[in-house]
2 protein chains.
Amino acid sequence: MENNSECINALLPVGDALDVISGKWKLLILISISSGNHRFTDIERSIPKISAKVLSKELKELEAHTLIKRTVYDQSPVLIKYTITPYTETLYPIIEELRLWGLNHRKVITGK
Amino acid sequence: MENNSECINALLPVGDALDVISGKWKLLILISISSGNHRFTDIERSIPKISAKVLSKELKELEAHTLIKRTVYDQSPVLIKYTITPYTETLYPIIEELRLWGLNHRKVITGK
DNA sequence: ATACTTACTTTCCTTTAGGTAACTACTAAC
DNA sequence: GTTAGTAGTTACCTAAAGGAAAGTAAGTAT
């Protein structure tokens, strides 16, 4: 990233990506579902501090972006499963880089 | 990411990373500075839709996290330069993955 | 009939983010 | 002395995000 054409080359796509996944919760929800939490209550319990209202709203947005799939199983009580899609997996490199950076950052701020 | 221990292993550090860099503007500002925009007005002009107020606030937060350095040159008119730090460079892999994902995402939503 | 469970939704309220526009302090140029 | 540039700040207001708690619908268990 040395010159201005690189600036515009990065600003636009990074902005596009941030429009979809920025915010506190979306990636955490995808991590939870990817790790095996498929039901609303499971996901809610796995992510500290998230509320049902926020989870509900974020799940809808993720579904709209085809980053998760919502399936209703007609049992009783009704069973609903959220699963990842092939598109979710395209985010794994981003999640992994964030995980590595976060691990190092914690070392940095706690003074190693 | 298959099981619950991987869930907690990823949720915490990714959450730490998001605490520092999430939001619409911070990564875009770092891209702009990395690309050679070092002055307030240059950065402001390089990022569509950002306002002086928001830029000012975000620059302060980035400086507090040592992700940029603010230097005052005592000339006239006064010259202030924002520069990246070695710590900024540790974010490049994240930015690059976001750039690649954003490029592909635009292809996906515009129907290739 | 009552209570419980799942998967949310609704209401109310507070906080945070963001936009617009005007304003400031300093200096230089005309 | 008026205009212009740099680097912001301030005030005012709206919008979006988020928290807490209660409520809802549909079925199951007792």
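Letters A, B, ... are given to chains in the order of the sequence lines, protein chains preceding strands, and every chain is numbered from 1. In what follows, every heavy atom counts, from backbone to side chain, and hydrogens, waters and symmetry copies are set aside.
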Report, one pair per line, the protein and nucleotides 16-19 of chain D atoms (nitrogen or oxygen only) whose separation is under 3.5 Å.
{"from": "D/dG18", "atom 1": "N7", "to": "A/K53", "atom 2": "NZ", "distance (Å)": "3.2"}
{"from": "D/dG18", "atom 1": "O6", "to": "A/K53", "atom 2": "NZ", "distance (Å)": "3.4"}
{"from": "D/dG19", "atom 1": "O6", "to": "A/K53", "atom 2": "NZ", "distance (Å)": "2.3"}

Among side-chain atoms of A/S34 and A/Y92, is any donor-acceptor pair under 3.5 angstrom? yes
Would you tell me whether B/S22 and A/S22 have side-chain atoms, one donor and one acceptor, within less than 3.5 Å of each other? no
Heavy-atom side-chain proximity of B/V54 to B/S51 below 4.5 angstrom: yes
Pairing residues for B/H38 by the ring pair (Phe, Tyr, Trp, His ring centres under 6.0 Å) criterion, not counting sequence neighbours: none
Under 30°, 30 to 60°, or over 60°: which ring-plane class applies to B/H105 and A/Y87, parallel, tilted or perpendicular? parallel
Review item, nucleotides 24-30 of chain D N/O atoms under 3.5 Å of protein N/O:
{"from": "D/dG27", "atom 1": "O3'", "to": "A/S76", "atom 2": "OG", "distance (Å)": "2.8"}
{"from": "D/dT28", "atom 1": "OP1", "to": "A/S76", "atom 2": "OG", "distance (Å)": "2.3"}

Does the pair A/L18 and B/K24 meet the rule for a side-chain contact (heavy atoms from CB on, under 4.5 Å), with working shown? CA-CA 6 Å; A/L18 293 176; B/K24 275 168 70 175; 6.0 Å; no
From B/I50 CD1 over to B/I43 CD1, what is the distance, rounded to the nearest 0.5 angstrom? 9.0 Å
In this structure, how many angstroms lie between the P atom of D/dT6 and the CG atom of B/L79, rounded? 10 Å
Please report the distance, rounded to the nearest Å, between NE2 in B/H38 and C1' in D/dA7. 17 Å
First and last nucleotide of DNA chain C, 5' to 3', lying under 4.0 Å from heavy atoms of chain A: C/dT6 to C/dC12
Taking C-beta and beyond as the side chain, do A/V14 and B/I95 meet within less than 4.5 Å on heavy atoms? yes
For atom CG of B/D42 and atom P of D/dG5, their distance in whole Å: 14 Å
What does A/Y82 touch in the nucleic acid at a heavy-atom separation under 4.0 angstrom: a base, only the sugar-phosphate, or nothing? sugar-phosphate
Among all residues two or more places apart in sequence or in another chain, which pass the salt bridge (charged side-chain N to carboxylate O under 4.0 Å, His left out) test with B/E61? B/K26
Without hydrogens or angle criteria, can the side chains of B/T88 and B/T85 be said to hold a donor-acceptor pair below 3.5 Å? yes
Going by the rule salt bridge (charged side-chain N to carboxylate O under 4.0 Å, His left out), which residues pair with A/E96 if we only count those two or more places apart in sequence or in a different chain? A/R99
Please work out if B/K60 contacts a base, only the sugar-phosphate, or nothing of the nucleic acid, heavy-atom cut-off 4.0 Å. sugar-phosphate
